[in-house]
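All values derive from a computational prediction rather than experimental measurement.
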Amino acid sequence: HLFMKIIYCGCSNKIWLEVADILRKRKDWQPVYWIGHEPWIRKELEKQFPDLIFHAIVDAVLGVPPLDEINRKGVVLDQVLLERLAICELHSIKMMDRMDALGSFSYQERARHYRLLLAYWLLIVEDLQPDLVFFPDIPHMVFDFILYNLCQLKGISTLMFEASNVYSLSYLRQRID
């Protein structure tokens, strides 16, 4: 058994609670951060994993940290990091089209939102130092896409499921590409 710290990103079905519990018992994979839907999953997680940081998925999309994480000290986004993640920024800003139903989310606001999310997830990755970030599917929201790209940059393993063309079968991937 190899102790590993795991971030579960967007896992909101009961099956993921069971998976996390099995992996903790059999492999010593400890969930340290969980992004999911409120309120039922939070209550279950608090019972099974009392030291876990829970982040409501709606708050993650909006860039609002969990209440107990608000007072963490910030990180500085330096030029080198921003240049290395320039493609991530470009894709993230385009992904924000889905957040702009009225056509009022300006480029400057999108760039500010991207950097807010990037700074937060960089802080979480550096502070918690996860060994693995698990996505139940391909990262497709801005916050999880940024987290995925940070993991790739920092050498943190990622796992995600992708549906196959065969009915109700899927397979594990480590990378989007």
Side-chain angles (χ1 to χ4, degrees), residues 1-70 72 88 91-92 95-96 98-99 113 116-164 166-177:
H1 297 257
L2 178 63
F3 176 77
M4 289 180 60
K5 294 186 282 184
I6 313 295
I7 293 177
Y8 287 87
C9 186
C11 299
S12 293
N13 297 332
K14 187 175 182 175
I15 189 74
W16 299 120
L17 293 170
E18 295 170 21
V19 167
D21 191 45
I22 290 168
L23 289 172
R24 179 186 56 179
K25 290 174 180 171
R26 292 186 186 170
K27 298 287 186 187
D28 205 15
W29 289 15
Q30 184 65 41
V32 293
Y33 199 102
W34 195 293
I35 304 117
H37 290 286
E38 292 263 31
W40 73 270
I41 199 164
R42 180 181 202 141
K43 292 175 185 168
E44 290 300 316
L45 286 166
E46 287 172 350
K47 289 181 206 170
Q48 289 185 33
F49 311 107
D51 297 328
L52 179 79
I53 298 167
F54 180 81
H55 198 165
I57 202 163
V58 172
D59 288 343
V61 168
L62 297 174
V64 177
L67 287 176
D68 39 342
E69 297 301 300
I70 288 175
R72 281 184 188 255
C88 175
H91 290 298
S92 295
M95 291 169 79
M96 290 181 210
R98 292 178 285 178
M99 300 168 71
H113 188 64
L116 172 82
L117 291 173
L118 178 60
Y120 180 74
W121 291 110
L122 178 62
L123 175 69
I124 292 302
V125 164
E126 288 183 350
D127 191 40
L128 296 179
Q129 297 183 351
D131 300 294
L132 173 72
V133 177
F134 178 77
F135 303 90
D137 51 21
I138 302 295
H140 61 283
M141 293 182 279
V142 178
F143 83 90
D144 63 353
F145 183 72
I146 291 169
L147 177 56
Y148 167 80
N149 278 278
L150 275 171
C151 290
Q152 295 304 307
L153 183 69
K154 300 275 186 188
I156 298 167
S157 296
T158 56
L159 281 177
M160 62 206 79
F161 280 97
E162 182 165 354
S164 72
V166 178
Y167 177 72
S168 74
L169 292 178
S170 57
Y171 58 95
L172 276 174
R173 294 179 65 151
Q174 292 182 309
R175 299 178 50 94
I176 290 175
D177 55 353

Legend entry - Contacts of type salt bridge (charged side-chain N to carboxylate O under 4.0 Å, His left out), residue Lys47, not counting sequence neighbours: Glu44

Inset, instruction - Decide yes or no for Phe145 and His140: does some side-chain heavy atom of the first lie under 4.5 Å from some side-chain heavy atom of the second? - result: no

Inset, instruction - Please identify each residue that fulfils side-chain contact (heavy atoms from CB on, under 4.5 Å) with Ile138, with sequence neighbours left out. - result: Met160, Glu162, Arg173, Ile176

Show me the donor-acceptor pairs, under 3.5 Å and distance only, between side chains in residues 2-22 and residues at least two apart or in other chains.
{"unit_1": "Lys5", "atom_1": "NZ", "unit_2": "Leu128", "atom_2": "O", "d": "2.7"}
{"unit_1": "Ser12", "atom_1": "OG", "unit_2": "His37", "atom_2": "N", "d": "2.9"}
{"unit_1": "Asp21", "atom_1": "OD1", "unit_2": "Arg24", "atom_2": "NH2", "d": "2.6"}
{"unit_1": "Asp21", "atom_1": "OD2", "unit_2": "Lys25", "atom_2": "NZ", "d": "2.9"}

Legend entry - Member of Leu153, Leu150, Asn149 meeting the side-chain contact (heavy atoms from CB on, under 4.5 Å) criterion with Cys88: Asn149

Legend entry - Heavy-atom pair with the smallest gap, counting every atom of Ile41 and Gly36: CG2-C, 4.3 Å

Inset, instruction - Measure the shortest side-chain to side-chain distance between Val133 and Tyr33 over non-hydrogen atoms and say whether it is less than 4.5 angstrom. - result: no

Legend entry - Residue pair Lys154 / Leu122, side-chain heavy-atom distance below 4.5 Å: yes

Legend entry - CA sep, side-chain torsions, deciding dist, call: Met141, Ile57, side-chain contact (heavy atoms from CB on, under 4.5 Å): CA-CA 10 Å; Met141 293 182 279; Ile57 202 163; 3.6 Å; yes

Inset, instruction - Answer yes or no: is there a side-chain heavy-atom contact under 4.5 Å between Leu132 and Thr158? - result: no

Legend entry - Member of Trp34, Trp29, Phe161 meeting the side-chain contact (heavy atoms from CB on, under 4.5 Å) criterion with Phe134: Phe161

Inset, instruction - Work out which heavy atom in Pro139 is nearest to a heavy atom in Asp144; give both atom names and the distance. - result: CA-OD2, 3.4 Å

Inset, instruction - Determine the minimum heavy-atom distance between Ile53 and Pro66, stating which atoms define it. - result: CG2-CG, 4.1 Å

Legend entry - Where Ile146 and Ser92 come nearest, the two heavy atoms and their spacing: CG1-OG, 3.6 Å

Inset, instruction - Could you pull out the closest heavy-atom pair between Tyr120 and Pro65, with the gap in Å? - result: CE1-CB, 3.6 Å

